[in-house]
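Beneath this line is the structure, given in structure tokens, with notes to follow.
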Amino acid sequence: MEPNKVQPEGGLNVTLTIRLLMHGKEVGSIIGKKGETVKKMREESGARINISEGNCPERIVTITGPTHAIFKAFAMIAYKFEEDIINSMSNSPATSKPPVTLRLVVPASQCGSLIGKGGSKIKEMRESTGAQVQVAGDMLPNSTERAVTISGTPEAIIQCVKQICVVMLEAYTIQGQYAIPHPDLTKLHQLAMQQTPFTPLGQTTPAFPGLDASPPASTHELTIPNDLIGCIIGRQGTKINEIRQMSGAQIKIANAMEGSSERQITITGTPANISLAQYLINARFRDVAAMWNDPSSMTTS
């Protein structure tokens with residue numbers, strides 16, 4: 001790889017989280033004997049690599065770190081899968097080598113910016129990297145996310161993942177777990193304030209369906225399960241007030257409806273205020289989930 005291609009994109013001090021959907025056999029290959037392969041990947045890439053528990057046929061592999069660490073981890077996974085393909089071919093009569101395939105899990109609201117107007121962005125990605133990229137038409141079961149399948153040589157896949165990360169950062173939809181800026185709030189606020197002028201290619205409205213697409217995107221609604229609303233509000237409203245102050249957005253939480261397991265949150269403000277409020281709400285979920293699942297995972301990166 002040329003040195004200029006491993007520079008962290010845009011020089012932003014950002015931590016990214018990218019998730020992959022893998023079959024059990026693929027997960028086994030990534031873990032390796034006694035966990036040696038995944039240990040080596042973590043050490044050499046500097047990325048955090050977590051694999052979801054359970055015996056279900058599909059598992060989620062979460063890769064978190066600065067952009068250069070993510071790219072290194074992806075390179076190691078892609079080359080490992082290529083090695084598996086070569087090994088399996090030595091026992092079969094097949095002559096043409098199948099491509100390496102990875103499946104990313106992407107929030108549906110961000111798929112529009114990956115596809116681009118009239119498919120222009122995804123076409124450009126295919127042409128410039130040589131990888132095949134497909135965005136699933138349907139959401140994954142019980143989620144608001146879609147699978148994005150990338151196939152090709154390991155080199156093509158790495159270049160394609162880089163471009164996807166850049167699109168995520170440019171979109172500044174600080175929703176879900178993609179572009180997670182550095183927790184320094186001054187930088188975070190600057191980052192959010194840059195959202196509006198950064199509409200690519202003179203596009204005036206965001207191309208993704210999940211957001212309010214009218215130019216002054218002044219209101220955004222979220223649906224939160226009842227059992228999670230407490231962690232957003234905090235004791236005597238401390239957390240929600242903190243989020244209101246930091247983001248500058250108005251945040252209203254609807255009263256619980258009888259028979260409903262969810263509550264509606266309405267965020268009002270400039271696109272930058274809304275992005276910042278969404279980021280802070282999601283960060284709150286992540287912190288609480290981390291405390292529940294693994295107290296040692298609470299870091300101050």
Side-chain angles (χ1 to χ4, degrees), residues 9 16-31 41 47 49-52 54 56-64 67 70-86 88-89 94 96-171 173 175-179 207-210:
E9 251 51 57
L16 281 175
T17 295
I18 304 277
R19 285 165 300 162
L20 291 166
L21 198 56
M22 286 192 193
H23 296 300
K25 197 176 171 185
E26 295 170 321
V27 169
S29 170
I30 293 303
I31 294 172
M41 284 180 179
I49 302 171
N50 291 325
I51 297 161
S52 67
C56 48
E58 308 231 288
R59 311 264 286 277
I60 297 280
V61 177
T62 307
I63 305 171
T64 306
T67 42
I70 295 247
F71 302 150
K72 177 82 174 158
F74 262 91
M76 294 179 82
I77 290 171
Y79 282 116
K80 180 72 181 86
F81 283 178
E82 186 181 52
E83 191 186 302
D84 295 344
I85 289 168
I86 292 165
S88 68
M89 282 182 69
S96 62
K97 188 172 71 169
V100 173
T101 300
L102 295 180
R103 287 177 302 159
L104 274 61
V105 180
V106 177
S109 59
Q110 296 186 350
C111 287
S113 50
L114 276 185
I115 294 166
K117 220 171 198 169
S120 57
K121 190 73 206 172
I122 202 164
K123 182 170 180 274
E124 182 194 313
M125 268 188 217
R126 288 176 185 140
E127 287 172 359
S128 64
T129 65
Q132 272 302 312
V133 191
Q134 299 290 337
V135 177
D138 294 326
M139 306 242 195
L140 289 162
N142 306 318
S143 85
T144 55
E145 297 172 302
R146 296 177 196 266
V148 175
T149 306
I150 312 172
S151 305
T153 63
E155 294 77 13
I157 284 174
I158 296 155
Q159 292 311 321
C160 193
V161 167
K162 286 186 180 186
Q163 292 202 20
I164 287 172
C165 289
V166 173
V167 171
M168 294 299 176
L169 292 169
E170 278 175 355
T173 47
Q175 239 190 339
Q177 296 186 335
Y178 272 85
F208 13 89

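In what follows, every heavy atom counts, from backbone to side chain, and hydrogens, waters and symmetry copies are set aside. Keep in mind that this is a model prediction, so the values were computed, not measured.
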Evaluate the side-chain proximity of [Y] to [X]: yes if any heavy-atom separation is below 4.5 Å, no if none is.
X      : Y      : result
Leu114 : Val133 : no
Val161 : Ile18  : no
Leu20  : Ile77  : yes
His23  : Glu58  : yes
Glu83  : Lys80  : yes
Gln132 : Arg126 : yes
Met89  : Pro98  : yes

Task: Any donor-acceptor N or O pair under 3.5 Å, side chains Ser128, Gln163 - done: yes

Using a 3.5 Å distance criterion without hydrogens, assess whether the side chain of [X] forms a donor-acceptor pair with backbone atoms of [Y].
X      : Y      : answer
Ser52  : Ile60  : yes
Thr129 : Met125 : yes
Arg146 : Ala108 : no
Gln110 : Pro107 : no

What pair of heavy atoms forms the shortest contact from [X] to [Y], and how long is it?
X      : Y      : value
Ile70  : Ile63  : CD1-O, 3.5 Å
Glu82  : Pro154 : OE2-CD, 3.4 Å
Gly130 : Ala156 : C-CB, 4.1 Å
Arg103 : Thr149 : CG-OG1, 3.7 Å
Ala131 : Ile150 : CB-CG2, 4.0 Å

- [ ] Starting from the C-alpha separation in whole Å, work towards a yes-or-no answer on side chain to side chain contact (heavy atoms under 4.5 Å, CB included) for Leu102 and Phe74.
- [x] CA-CA 9 Å; Leu102 295 180; Phe74 262 91; 3.7 Å; yes

Spatial distance of atom [atom1] ([X]) from atom [atom2] ([Y]) [nearest 0.5 Å]:
X      : Y      : atom1 : atom2 : value
Met22  : Ile51  : CE    : CD1   : 7.5 Å
Arg19  : Asn50  : CZ    : CG    : 12.0 Å
Leu104 : Glu145 : CG    : CD    : 11.0 Å
Ile164 : Lys121 : CD1   : NZ    : 10.5 Å
Gln134 : Ser151 : CD    : OG    : 8.0 Å
Ile85  : Thr101 : CD1   : OG1   : 7.0 Å

Open item on the list: Working note: Tyr79 + Glu155, criterion side chain to side chain contact (heavy atoms under 4.5 Å, CB included); need CA distance, chi angles, decisive distance, verdict.
Closed with: CA-CA 9 Å; Tyr79 282 116; Glu155 294 77 13; 2.8 Å; yes

- [ ] Check the pair Val135 / Val106 against side chain to side chain contact (heavy atoms under 4.5 Å, CB included), numbers first and verdict last.
- [x] CA-CA 9 Å; Val135 177; Val106 177; over 6 Å; no

